[in-house]
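Atoms considered below: every heavy atom in the structure, side chains included; atoms not considered: hydrogens, waters and symmetry mates. In the text below, chain A, chain B and the rest are named by the order of the sequence lines, each starting its count at 1.
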2 protein chains.
Amino acid sequence: MELTRHRCEVECIHPEHITPLLGKVVTGREADDLAGIFELLADPTRARLLHALSLSDELCVCDLALLLGRSESALSHQLRLLRDRRVVSRRKAGRVVYYRLADKHIRHVLADGLRHAREVAPRSERQAS
Amino acid sequence: MELTRHRCEVECIHPEHITPLLGKVVTGREADDLAGIFELLADPTRARLLHALSLSDELCVCDLALLLGRSESALSHQLRLLRDRRVVSRRKAGRVVYYRLADKHIRHVLADGLRHAREVAPRSERQAS
DNA sequence: TTAACATCTGAATGATGGTGCAGATATGGA
DNA sequence: TCCATATCTGCACCATCATTCAGATGTTAA
C-alpha cells in the first residue's frame, strides 16, 4: 500500500504509527466475516431470539413467537438467515421444528455483549452520567 | 404475558419450556442496548476502524483514512457515531484529532468475534464443508 | 490578515434489511 | 381422501444506513 500518495505529509501522517499495523488490521474477506458475525446480533429480534435459545435447550418456532411477541413469519425469516449462517440448527418432529444454537461461539459473544450492555447500561440517551 | 391467547395448544406450545424463560430473555430497552453494541461492529469499515484502534494506542483521522483506504469524510461520519456511543474518545492536538478506544469492553467483544471469525472462517460461501 | 489544511457537517443517493401479507409446503388425524 | 396446522417462502413496502459531495469550521504558519 502506498503511503505517499496522499496529501498530508508534514503533520498528519505518522508512518511510525501505521506501518506496524499494515499487515495486522483485518481486511477484505476477513473483515466481512467479522462484521457478518456481529450483524447477526445487531437486530433486537435476533438478539432476543438467540438469547432465548442460549437460555434454553431447544425451542420451536411457535414457542419463540409467543415468547418474543413476534409473528411466526418474521421469526421464520430470521431463523432462515441464522440457519444459512450456521448459527442455529433445526430438528424436525412431525409438524414442529425445534431450533437450537449450533455454535457455542455465538453464546460467548452474546454473553459478553450482554454483560457489557448491562454494565454500561444507558448508552447515549443520557449525557455522560 | 398471556400464554393462552394463541392457537397452537396441543403440540406446539410447551409451557414447561417457555414459562421458566419468561423473565429471563432480554426485552425492550435492554434488547435494544444489546443489539446496539453489536450494530457498532456490524459494518466492515467500523469493525476495521475499531480493530486498528485496538491494535494501536491512538490514531488520527488521516492515518485511519490511509490505513483503511476510506475517505476522511466517511471515517469522520463513523467516528462521530462511535463517539456518540462513547466507544471512542478523541484528543485534539492542533489541527489533528487523535482517536482511541474509550471502552475496554469493545476490545473484548471485538477480540472474541475475531477469534470466532478466524475459527469458523468460511461462513456461508461454501456449502457445509 | 491570507493561505493551506485536518476535520467536521448536512443533504442527497443508492443499497440493504426487517416485517407483513398471501400463498405454498409438509405433516398428522379422521 | 380431506381438513387443520406448523412452518416456510416470494414479493412488496418502508425504514435505516454507509458513502459521496460540497461546503463549513477551526487551526497553524507566513
I need the CD-C1' distance between B:Glu39 and C:dG18, as an integer number of Å.
12 Å
Of all the nucleotides listed (C:dT7, D:dG10, C:dG18), which has the minimum atom distance to the side chain of A:Leu81?
C:dG18
Backbone N/O of B:Ile37 and side chain of B:Arg85: donor-acceptor pair under 3.5 Å:
no
In terms of the nearest nucleotide of DNA chain C, which residue is placed more toward the 5' end: A:Arg70 or A:Lys92?
A:Arg70
Determine: side-chain N/O of A:Tyr99 to OP1/OP2 of D:dA6, distance under 4.0 Å, yes or no.
no
What is the separation between atom CZ on B:Arg80 and atom C1' on C:dT9, rounded to the nearest whole Å?
6 Å
Of the nucleotides D:dA6, D:dT7, C:dT9, which one has an atom closest to the side chain of A:Cys62?
D:dT7
Quiz item: A:Ser73 side-chain donor-acceptor pair to C:dC21 base, under 3.5 Å:
yes
Take the angle between the ring planes of B:His105 and A:His116 and call it parallel below 30°, perpendicular above 60°, tilted in between.
parallel
Look only at the side chain of A:Ser76 and the backbone of A:Ser73, and say whether a donor-acceptor pair between them is shorter than 3.5 Å.
no
Residue-phosphate contact under 4.0 Å: A:Gln78 side-chain N/O, C:dG17 OP1/OP2
no
Between atom CZ in A:Arg91 and atom C1' in D:dA6, what is the gap in whole Å?
14 Å
Whole-Å distance separating the CG atom of B:Leu64 from the P atom of C:dT7
9 Å
What is the distance from CZ of B:Arg46 to P of D:dC17, rounded to the nearest Å?
9 Å
B:Leu59 CG to C:dT7 C1': how many Å, rounded?
15 Å
Closest to the side chain of B:Arg90, out of C:dA6, C:dC8, D:dC8, is C:dC8
Below 30° counts as parallel, above 60° as perpendicular, anything between as tilted: where do the rings of A:His17 and B:Tyr98 land?
perpendicular
Counting side-chain heavy atoms from CB outward, which of C:dC8, C:dT19, D:dT5 is closest to B:Val61?
C:dC8
Here the distance between atom P of C:dT19 and atom CG of A:Leu68, to the nearest Å, is 11 Å
Spacing of B:His77 atom NE2 relative to D:dG23 atom P, expressed in whole Å:
15 Å
Does C:dG20 have its OP1 or OP2 closer than 4.0 Å to a side-chain nitrogen or oxygen of A:Ser71?
yes
Could you verify whether a donor N or O on one side chain and an acceptor N or O on the other, from B:Thr45 and B:Arg70, lie under 3.5 Å apart?
yes
